[in-house]
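Atom set for the values below is all heavy atoms of this structure, side chains included, hydrogens, waters and symmetry mates excluded.
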Amino acid sequence: MRLSQIAGFFLFFCMFANITPAVAQDTWSLKRCVDYAMEHSITVKQQEVQKRLAELTLQQSRLSMIPGFSGNVSAGYSDGRIASIQDNAYINQSVFNASGSLNMRGDLFNWFSKQNQIAANRLDAESNSFLLQKARNDLAFNVATAFLQILLKEEQVKVNEVQAKQTLSNLENTKKLVIAGSVPESNQADLEAQLAQDSTNLVTAKNDVILAILQMKAYLNLGFEIPFVPEIPENIATLSMTPLGEMDPEMVYSAALTTYPLVKSDELRIKSADRAYRAAKGQLYPTLSLVGGLSTSYANNFYDRDGKLIPFNKQLDNTFGKNIGLSLGIPLFSGWQQRTNVAKAKVNVYNLELSRDLDNQKLRQDIYTAHANAVAALQKFNASSTGVMAAQKAYDFATKRFNLGLMNTIDYITTQTRLFKAQIDKVSAQYDYIFKMKLLEFYRDQRISL
């Protein structure tokens with residue numbers, strides 16, 4: 001079997017190996033991908049856990065305002081010489097005793113430390129809500145990006161298939177000319193080598209599709225064994241996009257400051273830290289608390305004047321006691337621990353302010369970078385479109401000259417390769433421009449759509 005037959009068979013296999021009842025397969029639109037990812041993404045679930053933990057912390061701090069109640073029940077047995085209750089003489093006796101108490105303690109005034117801590121936890125819970133929103137938005141954008149990558153790779157497969165078919169067709173015609181003696185056999189060998197290269201390129205392009213789908217499945221947390229067939233838009237060039245002229249980077253940045261969840265989360269974290277700072281300062285001052293309690297006890301060595309054991313219920317009544325009072329806690333010295341906590345809380349506020357400024361600076365830089373990349377992508381797409389038209393015209397002329405025997409095979413293959421490269425560059429530039437524009441739209445609106 002000759003090289004041309006092997007390459008032809010290999011090419012036939014590559015182009016038709018995936019012919020399955022694809023039309024009957026379940027397809028995945030971008031919306032379905034995003035919805036599925038939101039429900040199954042591990043990253044989003046982790047952020048939901050963080051949000052829930054923040055809510056539980058807030059609930060716990062609110063419940064700390066309720067007075068604390070504690071109950072205590074104890075019982076014991078002793079045997080030996082003890083002082084008699086009747087005459088205080090020491091006697092050998094076995095005694096069972098039991099006691100119970102109920103105590104209450106509630107803060108009346110603590111210099112607003114608890115109120116500030118509750119406010120800090122509430123702001124922290126709101127901050128985590130925005131972080132959850134950011135995780136979802138980022139996931140949606142990553143899924144959309146992966147979706148575009150799949151479409152791009154499949155377009156590149158189509159270009160490679162066209163290239164390979166053209167080479168195969170030229171090879172078949174050249175074989176006939178070689179048999180007729182019109183062209184040298186070296187022309188056939190050159191085209192056979194080109195067909196082998198085209199077949200390799202096609203295999204690589206198909207593998208790139210597989211890798212892009214695997215990346216999508218990772219975002220979706222979808223089983224790798226589950227088929228994934230994207231729902232391809234009818235014409236990617238007609239996708240709705242905001243004109244580049246309406247995407248001034250400073251305008252996009254101003255809009256992002258009102259919509260970007262991380263910006264809102266940063267502001268809430270600063271406010272939360274400021275409240276925590278006030279709560280820490282409150283710990284430096286005295287705390288006034290209301291305390292109270294109930295208690296009673298029983299023992300089997302309590303007798304009345306007649307020497308009879310006092311009944312259980314009567315002992316409980318006789319020993320029942322109540323107390324209520326105020327408790328003033330004054331922090332005197334704890335190794336400067338509280339003052340150190342206050343200083344650390346103040347520094348934390350400043351640190352979060354710096355983090356906010358850094359995040360805003362990075363956001364602005366990312367937007368200006370995305371805008372510059374979008375401008376370059378549009379220029380590259382326009383240039384590549386012109387390049388395809390020029391390469392196609394050159395290829396058409398070359399094909400006529402080659403068929404008439406006026407061009408050698410090497411020059412013809414070079415012209416064909418230039419057209420192939422121009423087509424690949426145009427497809428890549430088109431998708432790159434779409435991605436850059438969708439990135440700008442995402443920064444502005446925190447939404448992604450195709």
Looking at [Y], is its backbone amide N or carbonyl O close enough to the side chain of [X] to form a donor-acceptor pair, meaning the two atoms are under 3.5 Å apart?
X	Y	value
S385	F381	yes
S61	I118	no
S99	S297	no
N373	T369	yes
S29	R32	yes
N351	V347	no
S272	L268	no
T167	Q194	no
N207	V203	no

Verdict with reasoning, L58 to D124, per side-chain contact (heavy atoms from CB on, under 4.5 Å): CA-CA 8 Å; L58 172 60; D124 190 54; over 6 Å; no
Derivation of the side-chain contact (heavy atoms from CB on, under 4.5 Å) call for D359 and K362: CA-CA 5 Å; D359 287 339; K362 184 177 184 303; 5.7 Å; no
Looking at [X], I want to see if its [atom1] is surrounded by more than 12 non-hydrogen atoms of other residues, nucleotides or ligands under 6.0 Å.
X	atom1	value
L328	CG	yes
K217	NZ	yes
Q60	CD	no
K271	NZ	no
R418	CZ	no
R339	CZ	no
Q365	CD	no

Working for side-chain contact (heavy atoms from CB on, under 4.5 Å), residues R364 and N360: CA-CA 6 Å; R364 193 171 195 169; N360 289 352; over 6 Å; no
Any [X] side-chain heavy atom under 4.5 Å of [Y] side chain:
X	Y	result
C33	L220	yes
K380	D432	no
L152	D208	no
T43	L139	no
Y277	N348	no
P230	E154	yes
K281	K346	no
L108	L326	yes

Contacts of type ring pair (Phe, Tyr, Trp, His ring centres under 6.0 Å), residue [X], not counting sequence neighbours:
X	result
Y36	W28, H40
F112	F109
F420	none

Looking only at heavy atoms, which two atoms of [X] and [Y] are closest? And how far apart?
X	Y	value
V95	N300	CA-OD1, 3.2 Å
A37	V143	CB-CG2, 3.9 Å
A164	L195	O-CD1, 3.9 Å
G325	L290	O-CD1, 3.4 Å
L439	A370	CD2-CB, 3.7 Å
A374	M437	CB-SD, 4.0 Å

Can you tell me if [X] and [Y] form a side-chain donor-acceptor pair at under 3.5 Å?
X	Y	value
Q149	Y431	no
S41	Q46	no
N201	Q197	yes
R444	T259	no

Can you tell me how far the [atom1] atom of [X] sits from the [atom2] atom of [Y], to the nearest 0.5 Å?
X	Y	atom1	atom2	value
K153	L211	NZ	CG	9.0 Å
E231	L30	CD	CG	9.5 Å
Q115	R278	CD	CZ	12.5 Å
K322	L102	NZ	CG	13.5 Å
S428	F435	OG	CZ	14.0 Å
L440	D445	CG	CG	10.5 Å

Step-by-step side chain to side chain donor-acceptor pair (under 3.5 Å) determination, N121 to Q117: CA-CA 6 Å; N121 293 338; Q117 189 60 54; 3.2 Å; yes
Step-by-step salt bridge (Lys or Arg N to Asp or Glu O under 4.0 Å) determination, E155 to K158: CA-CA 5 Å; E155 286 295 325; K158 293 178 183 178; 3.6 Å; yes
If you measure from the Lys or Arg side-chain nitrogens to the Asp or Glu carboxylate oxygens, is any gap between [X] and [Y] under 4.0 Å?
X	Y	value
E126	K264	no
E441	K438	yes
D107	K114	yes

Option passing side-chain hydrogen bond (donor to acceptor under 3.5 Å, both in side chains) with K51 (candidates E48, Q47, E55):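 Answer after filtering E48, Q47, E55: E55.
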Centroid-centroid distance, Y77 to F96, less than 6.0 Å: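 When the ring centroids of Y77 and F96 are compared, they turn out to be at least 6.0 Å apart.
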Salt bridge (Lys or Arg N to Asp or Glu O under 4.0 Å) evaluation trace for K206 with E161: CA-CA 10 Å; K206 285 180 174 290; E161 287 177 342; 3.8 Å; yes
Working for side-chain contact (heavy atoms from CB on, under 4.5 Å), residues Y298 and I310: CA-CA 9 Å; Y298 166 83; I310 300 176; over 6 Å; no
